[in-house]
Structures are given as C-alpha cells and as structure tokens.
Amino acid sequence: MHLFRCTLIAAAALAAPLAHAQSSAKLKVGLMLPATGTFAALGTAIENGFKLYVQEQGGRLAGREVEYVRVDDESDPAKATDNVNKLIKRDNVDVIVGTVHSGVAMAMARVARETGTMLIVPNAGADAITGAMCAPNVFRTSFSNWQSSYALGDVLVKQGKKRAVTITWKYAAGDEMAAAFKEGFEKAGGQVVKQLTLPFPNVEFQALLTEIAATKPDATFAFFAGGGAVKFVKDYAAAGLNKTIPLYGPGFLTDGTLEAQGEAAQGIYTTLHYADGLKTPRDDAFRLNYAKTFKLQPDVYAVQGYDAAQLLAIGLKAVGGDLTKKDAMYAAMRNARIDSPRGTFTISKAGNPVQDIYLRQVVGTENRVVGVAAKALADPARGCRL
Ligand code: PHB
C-alpha cells in the first residue's frame, strides 16, 4: 500500500510538468535598451518600470517565471540589427522589449516583422513602427512622434505665439516631432520660420542659440531628451533666451531631468501622455511602489516600461501562457484597455496607444499637469495596412 501510494505521488509529480511543459517554462524577455550614452537614464527607468510590474505579480506572468536577457544598444542604429539578432538567435527570447531611439527601434521592427518575434516598444516614437511598418506582432506602449508634438501647436497659438523656430537632433524622432508640431501649429494659424538641427547626440548648441537670438521668434520648439535635454535647457537659459523667447516642446525636454535642470527649466510648458500631480489612486500606488523599490522618482519612461509588462501580461493571460497561440494572444493585446498610471488607454489597430495628451508646466521639480491638450489622441497610422 505504502509503495503504491508513493508510486502514485511520484507519477503525479512527473505528469504535472509534462502536461504543462509549454506554458510553465520560463518566459525569456529580451531587454534591448540603452545602458550608456545620452539616453542611459531612460533605459534604466524603462527596465525598472517593466520589472516593477512583474515583481508586483510575484515574478510571474500567466504562471510563467520571467527571466531577463539584456543588451546595451548604445542608441546606435548601426549596431541595431546585430544586437536584435543576438537576442533572437543566440538567446532565443520569447519577446523583445525595446528601445528608446527611433532609428534603433526601426531596425528592430524590421527584424521583428521578418522573424515574427513579438516586439513591444516602450519608448521610441518612430511613426513608421505603427505606420508603414506596422505588423501583427509589433506593439508600442509609449507614443508616436506625431502624437507627442501635434497638440502643442494649438497651445502656442492660444498663448499668443505666432512665429516659432524648431530645434532638434537630426534623426527620425527630431524630424517627425518637428513636422508634427509644424502641422498642428500652422493649422492653428502659427508659422514655423526656421528649422534648426544638429546631429545626434551632439550637444554643441552655441551657434544655433545665436541663430535663434538673431531670428527673434515668439517661441522655440525643442526636442531633446536625457542628458542632451539637460544641457540644452541649461544652455538656453545661460544665453538668456528663456527671458525673451519661451521654450516649448514634447515633455521629453523636462521629464526625468528637472533635478539637473533646476532654475533653467522653470515655467516651461510641454505636452506629453504623462504628468506629475495626476493624483489618481492608480498613479499614486505606482509612484509609491516605484520610489520604495528603486529609491528614485518615476518618470514617463518608467511608466512606459511598466505598461509594456502590463500589455504582455494581458496577451499571455488570454492564452494561459502558451506563446504558440499567437493569433489569440495578439488579438487580446490589440483589444487591451490598459490601466496605466498615466490613465486608462487603449491600443489602436496599428498597435499604438490611443491616449490623452496632457499640458504640463514645470514648477520646481514637477511637470505639473495644467490641462488636457488632446483627449484620446490616436496616431493617424499613415501607411499601415492591417
Ligand atoms: C526617439 O528616438 O524616438 C526618442 C528618444 C527619446 C525620447 C523620445 C523619443 O525621449
């Protein structure tokens, strides 16, 4: 009898893992993010946010323990294809989460389309990712470059600013944000009188600041982020320009950077899909847990990472953790309503968030919410055929 019972228990113990081999194996998440360079802090915030959500679920999504493989993409488009192929071919990841830089992310999206690997973009705004290059296995939990800057044009006109200069790094993100701003600004009756650029990730702004001073616009639109945004906002104020030509931009200009920008950033208006002072129970709980876990205040990048994990969890849950059921998983993700710290958002057919764009103003070390610049704004997804 005793022997019989032991055998039964042993057989049951053996059978259980076999029956669920597919859905109980570890889930391998490939994090392709910048760990060095001007966007390094953004990569850290995204990784922290992603891991925080997984940790809040007990380290498992749909019953599968999550394991991470990381690669530093250095925000270098020239290395992007090799880096993403390492994760897919060498590490055999189940899903790729990345990245910050639009140029790198476009290379990732190309490989994801070709190989069918699931990709969740937790920052990079390249319009094509959920536009001409859209694919059933490609999702974004951040924004499109168009979405980040389109609504700002109307804000400037309402504040009496009719002539603006734009200044950005010369690459997809800068080009597309400046173009979206111009589109919204000119539609509202404004005029972009000069478009200035410098190569990514240069921070030698002096000659361009002199040009802005000589042009004397009513306002300047700027896209920079991370270390570059800190230096630009400080240089702009040091040149005295903030006193006469107010600075505006998508919120990346002042997000995660205010401690370092200090006095130079005070009063700047920006638009973004996240803000300080939302004061919702969801955001308060997220901020508290993030601060406790990492001894840091969260920013928009942390939220986007957190929501990448939430979106993945929704897909996995729909198929009981079985990644081979791709159609059902992607359908659940496309139909998701994400209970984000930023506020609830949905996913468009093209795979991009449909979300509120806040108007914020810098007060002390906060990007304080002062209104909603665009309600439930959807990217036009130009060129997406899905
Ligand atoms: C981008 O390259 O798409 C990008 C980078 C940093 C940001 C926003 C967008 O903060």
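It should be emphasised that the depicted structure is a prediction, and the values quoted were computed from it without experimental measurement.
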Examine distances only and state if a side-chain atom of [X] and a backbone atom of [Y] form a donor-acceptor pair shorter than 3.5 Å.
| X | Y | answer |
| --- | --- | --- |
| Glu211 | Ala207 | no |
| Glu366 | Gly277 | no |
| Gln355 | Ser142 | yes |
| Arg368 | Gln361 | no |
| Arg113 | Val138 | no |
| Arg282 | Pro341 | no |
| Lys375 | Val372 | no |
| Ser348 | Asn352 | yes |

Side-chain heavy atoms nearer than 4.5 Å, only ILVMFWY residues, links allowed to pass through others: does that put [X] and [Y] together?
| X | Y | answer |
| --- | --- | --- |
| Leu33 | Val104 | no |
| Val193 | Phe181 | yes |
| Val362 | Leu278 | yes |

Where is the tightest heavy-atom contact between [X] and [Y], given as atom of each residue plus distance?
| X | Y | value |
| --- | --- | --- |
| Leu247 | Val233 | CD2-CG2, 4.3 Å |
| Lys161 | Phe185 | O-CE1, 3.3 Å |
| Val157 | Ala188 | CG1-O, 3.4 Å |
| Thr99 | Pro34 | OG1-CD, 3.5 Å |
| Asp255 | Val300 | OD2-N, 2.9 Å |
| Leu156 | Ala219 | CD2-CB, 3.7 Å |

Could [X] and [Y] be called an ion pair, given the rule that one side-chain N must be under 4.0 Å from one carboxylate O?
| X | Y | value |
| --- | --- | --- |
| Asp276 | Arg360 | no |
| Lys158 | Asp154 | yes |
| Lys279 | Asp284 | no |
| Glu47 | Lys51 | yes |

Minimum side-chain heavy-atom gap [X]-[Y] below 4.5 Å:
| X | Y | value |
| --- | --- | --- |
| Val29 | Val93 | no |
| Asn85 | Asn83 | no |
| Val69 | Leu31 | no |
| Lys182 | Phe221 | no |

Check whether more than 12 heavy atoms from other residues, nucleotides or ligands sit under 6.0 Å from atom [atom1] of [X], and answer yes or no.
| X | atom1 | answer |
| --- | --- | --- |
| Arg90 | CZ | yes |
| Arg70 | CZ | no |
| Lys162 | NZ | no |

Is a donor from one side chain sitting under 3.5 angstrom from an acceptor on the other, for [X] and [Y]?
| X | Y | result |
| --- | --- | --- |
| Tyr171 | Glu176 | no |
| Ser144 | Asp379 | yes |
| Thr130 | Arg140 | yes |
| Asp235 | Gln206 | no |
| Asn48 | Tyr290 | yes |

Classify the ring geometry between [X] and [Y] as parallel (under 30°), tilted (30 to 60°) or perpendicular (over 60°).
| X | Y | value |
| --- | --- | --- |
| Phe39 | Phe200 | tilted |
| Phe205 | Phe224 | perpendicular |
| Tyr236 | Phe232 | tilted |

Distance-only check: which donor-acceptor pairs under 3.5 Å involve side-chain atoms of residues 119-128, not counting sequence neighbours?
{"unit_1": "Asn123", "atom_1": "OD1", "unit_2": "Gln304", "atom_2": "NE2", "d": "3.0"}
{"unit_1": "Asn123", "atom_1": "ND2", "unit_2": "Val100", "atom_2": "O", "d": "3.0"}
{"unit_1": "Asp127", "atom_1": "OD1", "unit_2": "Asn145", "atom_2": "N", "d": "3.1"}
{"unit_1": "Asp127", "atom_1": "OD1", "unit_2": "Trp146", "atom_2": "N", "d": "3.0"}

Looking at CG of Asn137 and OG1 of Thr117, how far apart are the two atoms once the value is rounded to the nearest 0.5 Å?
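OG1 of Thr117 is found 7.5 Å from CG of Asn137.
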Reported CG-to-CG distance for the pair Asn367 and Asp299, which is rounded to 0.5 angstrom
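Spacing of CG (Asn367) from CG (Asp299) equals 9.5 Å.
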Just to verify, what does Ser148 make a side-chain contact (heavy atoms from CB on, under 4.5 Å) with, not counting sequence neighbours?
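For Ser148 the side-chain contact (heavy atoms from CB on, under 4.5 Å) partners, ignoring immediate neighbours, are Phe143, Met177, Pro250, Phe252.
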Kindly state whether the ring of Tyr306 and the ring of Phe50 have centres lying under 6.0 angstrom apart.
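They do not qualify: ring centres at least 6.0 Å apart.
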Taking the six-membered ring of Tyr68 as reference, does the NZ or CZ atom of Lys28 fall below 6.0 Å from its centre and within a 45° cone about the axis?
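The answer is no, since Lys28 fails at least one limit relative to Tyr68.
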Does the cation-pi check pass for Arg342 over Phe345, that is, NZ or CZ under 6.0 Å from the six-membered ring centre and within 45° of its axis?
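Yes, a cation-pi geometry holds between Arg342 and Phe345.
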How would you list all residue pairs meeting side chain to side chain donor-acceptor pair (under 3.5 Å) that involve residues 32-45, not counting sequence neighbours?
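For residues 32-45: Thr36-Asp72.
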Apply the test salt bridge (charged side-chain N to carboxylate O under 4.0 Å, His left out) to residues Lys79 and Asp73: give CA-CA distance (whole Å), side-chain angles for both, the deciding distance (0.1 Å), then the verdict.
CA-CA 7 Å; Lys79 296 180 183 162; Asp73 67 40; over 6 Å; no
